[in-house]
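I have placed the structure first, in the form of C-alpha cells, so that the comments after it can refer back to it.
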Amino acid sequence: MEPALDLGIATVNIALAAILAGIFGVWVYFLAYMSKSFRLAPRLESFDRRAGVGHPKVSVILPARNEEKYIARCLDTLLAQDYPNFEVIAINDGSTDRTGEIIERYAKKDRRVVHVDTPPKPEGWAGKNWACVQGYGAATGDYLFFTDADTEHEPTAISLAVGHMLAENLDALTAIPRLLCKDLWTRITLPGLSTFLHTRFSPLRVNDPDKKTGYFFGSFFVITRKTYEAVGTHVAVKEELVEDGALGSRVKEAGHRMKMVRGEKYVDAVWARDLSTLWHGLRRLVIPLYHQDKRGAHLIAAAVFFILFAPFLFLAYSLPVLALADGGLSAPTAVALMTVQMLTISALLLTTAVQSRFGVFQSPAYALGAPVGGALICLGFASAIVDARKKDAVRWRDRHYTVSEKQSFMR
C-alpha cells in the first residue's frame with residue numbers, strides 16, 4: 001500500500017474511532033442513568049396509605065376518535081374501578097366509525113358514563129385538545145383524570161392515584177404506562193426511542209424541584225381542577241400536537257406540586273398500532289420542534305443518527321479495512337477501530353435490551369433489531385425536517401395539521 005494512502009486510511013480510522021468512543025460513552029451514560037431511574041423511580045402504589053383520607057369526586061376525561069377497536073375495553077376497565085366516587089366523561093371526537101354508538105350504549109346502561117359529542121373543531125386547535133376541553137366542560141369532579149381510549153386500567157388505578165395525591169398533597173400526578181407493541185416494527189423501534197425519552201423525561205428529573213423538566217403521559221395523568229384551571233386548561237396548549245408534554249411543562253413551570261411514578265402494573269397503553277402510526281408518531285415528535293428551534297431539530301436528528309445508526313453503518317467501512325490491512329500504519333488503527341466499534345455496538349445492544357425488558361416489558365431479543373429500528377427513527381426524523389414547512393405536514397388520528405412557530409413541542 002502506498003505510504004500516503006496508508007497514512008490517509010490510518011487518519012480516517014483514528015477519527016472514526018474517536019467518534020465511536022464518544023458514542024460508546026453516551027450509551028454507557030444511558031445505561032447507567034436508565035438503570036438508576038428504573039431502580040429509584042417511585043411507584044404508583046408507594047405512598048403512606050394512612051395519610052390519604054377521603055374520596056373526592058374524580059372525572060375521568062376520555063377523548064376518543066375512531067376508536068371502535070379499543071373504546072369498549074377501555075370503558076370496561078374504567079367502570080370496574082374500585083374507587084367509590086367517579087364519573088367517566090367519554091368524548092366522541094368527530095368519529096367516522098362506531099365509536100359514538102359504543103359510547104352511547106355504555107351511557108345508557110351506566111349512569112356514571114356521560115356521553116359528549118364535540119362540536120366542529122375550530123381553526124387553530126389540535127383535535128385531542130379540543131375534545132379534552134369539551135370533556136372538562138361537562139366534568140363535575142374536583143380531580144380530573146385524563147386518559148386515552150386505547151388504554152386498559154387495573155381496578156385499583158384511580159384509588160391509588162388519588163390516594164397518592166392526597167397522601168403527598170400533590171397538584172398533579174402522572175404514571176408511566178406499560179407500552180404495548182402491536183407489531184414487529186414497533187417492537188424493534190420503541191426500545192431505542194424509549195431510551196432517549198426515558199432519560200430525558202425520567203421521574204428523577206420530573207420529580208426534582210430544581211429541574212425544569214415537566215411532563216405528563218397522556219394515557220394517565222390526574223390533576224386537580226384548581227391546578228388545571230390555573231395553568232389555562234387545554235386552551236393554553238390548544239395548538240400543541242404533543243399536548244401532554246406541553247401541559248406537564250406548564251404545570252412544572254408554574255411551581256405546582258407534580259410527581260411522575262411508575263405505573264406499568266396498573267395501566268397499559270398503545271404507542272403505535274402499525275408501521276403507519278409509528279411513522280407518523282415519529283414525525284409528530286420532530287415537526288413542532290423544527291418550528292420552535294430549527295437548529296435544535298437538526299442537531300437532534302444528527303445526534304440520533306450517530307447514536308442509533310452510525311455504529312452499524314461504519315461496519316461497511318471498518319470490516320473491509322480490517323480485512324485488507326497488510327501490516328502497515330493502517331493495520332493497528334484498523335484493529336483499534338474495530339475494537340471500539342464492537343464495544344460501542346455491544347453497549348448499544350445491551351442498553352436497548354435492558355430497555356426492552358424493563359421499559360417495554362418484552363423480550364430483550366428485540367434489541368437485535370436495533371439497526372433496523374435505528375434506521376427507521378433516523379428516516380422518520382429526517383423526513384419530518386424535510387416536510388416541516390409543508391401544509392398538512394402532520395397526519396394524526398385521521399386529521400392533518402399545518403404546524404406553526406407557536407407550537408413549543410416538549411420543553
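Counting heavy atoms from C-beta outward, Val114 and Val88 have side chains that stay 4.5 Å or more apart. In this structure, the side chains of Asp117 and Asp93 stay at 4.5 Å or more apart for every pair of heavy atoms. At a threshold of 4.5 Å between non-hydrogen side-chain atoms, the residues Thr189 and Thr186 do not count as touching. Side-chain contact check for Val360 versus Cys181: some heavy-atom pair is nearer than 4.5 Å. Residues Leu166 and Pro56 have side chains in contact (heavy-atom distance under 4.5 Å, counting atoms from C-beta outward). Side-chain contact between Phe47 and Leu160 is present, with heavy atoms from C-beta onward closer than 4.5 Å. A heavy-atom distance below 4.5 Å is not found between the side chains of Lys238 and Trp130. Looking at Val340 and Thr344, their side chains come closer than 4.5 Å, going by heavy atoms from C-beta outward.
Relative orientation of the Tyr83 and Phe86 rings is tilted, given thresholds of 30° and 60° on the angle between their planes. Ring pair His153/Phe145 is perpendicular by interplanar angle, where above 60° counts as perpendicular and below 30° as parallel.
No donor-acceptor contact under 3.5 angstrom links the side chains of Glu68 and Thr99, judged on distance only.
Asp148 CG to Leu62 CG: the interatomic distance, rounded to the nearest 0.5 Å, is 8.0 Å. With values rounded to the nearest 0.5 angstrom, Glu243 atom CD is found 11.5 Å from Trp125 atom CH2. One finds the CZ atom of Phe381 at 10.0 Å from the CG atom of Leu376 (value rounded to the nearest 0.5 Å). The distance from atom CG of Asp97 to atom CD1 of Ile102, rounded to the nearest 0.5 Å, is 7.0 Å. In this structure, the separation between OG1 on Thr224 and CG on Leu173 is 11.5 Å, given to the nearest 0.5 Å. In this structure, the separation between CD on Glu101 and CD on Glu104 is 10.0 Å, given to the nearest 0.5 Å.
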### Query
Is there a side-chain contact (heavy atoms from CB on, under 4.5 Å) between Arg284 and His280 once you walk through the steps?
CA-CA 6 Å; Arg284 185 175 71 111; His280 289 290; over 6 Å; no
### Task
Evaluate the side-chain contact (heavy atoms from CB on, under 4.5 Å) criterion for residues Phe309 and Val304: first the C-alpha distance (whole Å), next the side-chain angles of each, then the deciding distance (0.1 Å), finally the verdict.
CA-CA 8 Å; Phe309 188 62; Val304 166; over 6 Å; no
### Task
Before giving the answer on side chain to side chain donor-acceptor pair (under 3.5 Å), spell out for Ser356 and Gln362 the whole-Å C-alpha distance, their side-chain angles and the decisive distance to 0.1 Å.
CA-CA 6 Å; Ser356 186; Gln362 65 181 12; 3.1 Å; yes
### Message
Please determine whether salt bridge (charged side-chain N to carboxylate O under 4.0 Å, His left out) holds for the pair Arg273 and Asp150, giving the CA-CA distance in whole Å, both sets of side-chain angles, and the decisive distance to 0.1 Å.
### Response
CA-CA 10 Å; Arg273 304 170 186 187; Asp150 55 5; 2.9 Å; yes
#### Entry: Check against salt bridge (charged side-chain N to carboxylate O under 4.0 Å, His left out), Glu253 and Lys212
CA-CA 7 Å; Glu253 288 176 354; Lys212 295 182 179 180; over 6 Å; no
### Task
Take Glu67 and Ser95 through the test side-chain contact (heavy atoms from CB on, under 4.5 Å) and record every step on the way to the result.
CA-CA 8 Å; Glu67 296 284 7; Ser95 299; over 6 Å; no
### Message
Please evaluate residues Leu282 and Leu193 with respect to the criterion side-chain contact (heavy atoms from CB on, under 4.5 Å), reporting the C-alpha separation (whole Å), side-chain torsions for both, the decisive distance (0.1 Å), and the verdict.
### Response
CA-CA 9 Å; Leu282 293 171; Leu193 183 64; 3.8 Å; yes
### Message
Could you walk me through whether Asn85 and Tyr143 satisfy the side chain to side chain donor-acceptor pair (under 3.5 Å) test, starting with their C-alpha distance in whole Å, then the side-chain angles of each, then the deciding distance to 0.1 Å, before giving a yes or no?
### Response
CA-CA 11 Å; Asn85 188 18; Tyr143 282 59; over 6 Å; no
### Message
Quick one, Glu152 with Thr77, criterion side chain to side chain donor-acceptor pair (under 3.5 Å). Give me CA distance, side-chain angles, the key distance, then yes/no.
### Response
CA-CA 6 Å; Glu152 296 182 14; Thr77 63; over 6 Å; no
### Message
For Glu87 and Thr140: C-alpha separation, side-chain torsions, deciding distance, then whether side chain to side chain donor-acceptor pair (under 3.5 Å) applies.
### Response
CA-CA 8 Å; Glu87 63 183 357; Thr140 60; 3.0 Å; yes
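Distance alone, capped at 3.5 Å, places no donor-acceptor pair between the Arg205 side chain and the Thr213 backbone. Judged purely by atom type and a 3.5 angstrom limit, Ser35 uses its side chain to pair as donor or acceptor with the backbone of Leu31. Listed for the Ser363 side chain is no donor-acceptor partner under 3.5 Å among the backbone atoms of Tyr366. Of the possible donor and acceptor atoms, one in the side chain of Ser59 sits under 3.5 Å from a partner among the backbone N and O of Gly141. A distance-only check finds a donor-acceptor pair linking the side chain of Thr351 to the backbone of Ala347 [under 3.5 Å]. Thr174 places a side-chain N or O within 3.5 Å of a backbone atom of Phe217 that can act as its donor or acceptor partner. Without hydrogens or angle criteria, Lys252 side chain to Lys211 main chain gives a donor-acceptor distance under 3.5 Å. For the pair Ser249 (side chain) and Gly245 (backbone), a donor-acceptor distance under 3.5 Å is absent. Side-chain N or O atoms of Thr277 include one that pairs as donor or acceptor with a backbone N or O of Asp274 at under 3.5 Å. Formation of a donor-acceptor pair under 3.5 Å by the Arg65 side chain with backbone atoms of Gly94 is found in this model.
Annotation for Arg225 and Ala139: closest pair NH2-O, 2.8 Å, computed over non-hydrogen atoms. Here the shortest heavy-atom pairing between Ile385 and Ala301 reads CD1-CB, 3.6 Å. Closest approach of Thr352 to Ala370, counting heavy atoms only: OG1-CB, 4.4 Å. Residue Met260 comes nearest to Asn207 through the heavy atom pair N-OD1, 2.7 Å, listed as atom of the first residue, atom of the second, then distance. Contact detail for Val222 and Ala161: the closest heavy-atom pair is CG2-CB, 4.0 Å. The two residues Pro63 and Thr147 make their nearest non-hydrogen contact at CD-O, 3.3 Å.
Side-chain rings of Phe146 and His234 approach one another, their centers coming within less than 6.0 Å. Taking the six-membered ring wherever Trp is involved, the centroid distance between the rings of Phe30 and Phe196 falls below 6.0 Å. Separation of the His256 and Tyr228 ring centroids does not fall under the 6.0 Å cut-off. Taking the six-membered ring for Trp and the full ring otherwise, the centers of Phe24 and Trp27 sit at least 6.0 Å from each other.
Within 6.0 Å of NZ on Lys108 lie no more than 12 heavy atoms contributed by other residues, nucleotides or ligands. In the displayed structure, Trp279 atom CH2 is contacted under 6.0 Å by more than 12 heavy atoms of other residues, nucleotides or ligands.
Under the salt bridge (charged side-chain N to carboxylate O under 4.0 Å, His left out) criterion, Glu45 pairs with Lys265, sequence neighbours left out.
Partner of Phe220 under the side-chain contact (heavy atoms from CB on, under 4.5 Å) criterion, chosen from Leu44, Asp244, Val261: Leu44. Among Ile91, Ile89, Leu144, the single residue meeting the side-chain contact (heavy atoms from CB on, under 4.5 Å) criterion with Tyr136 is Leu144.
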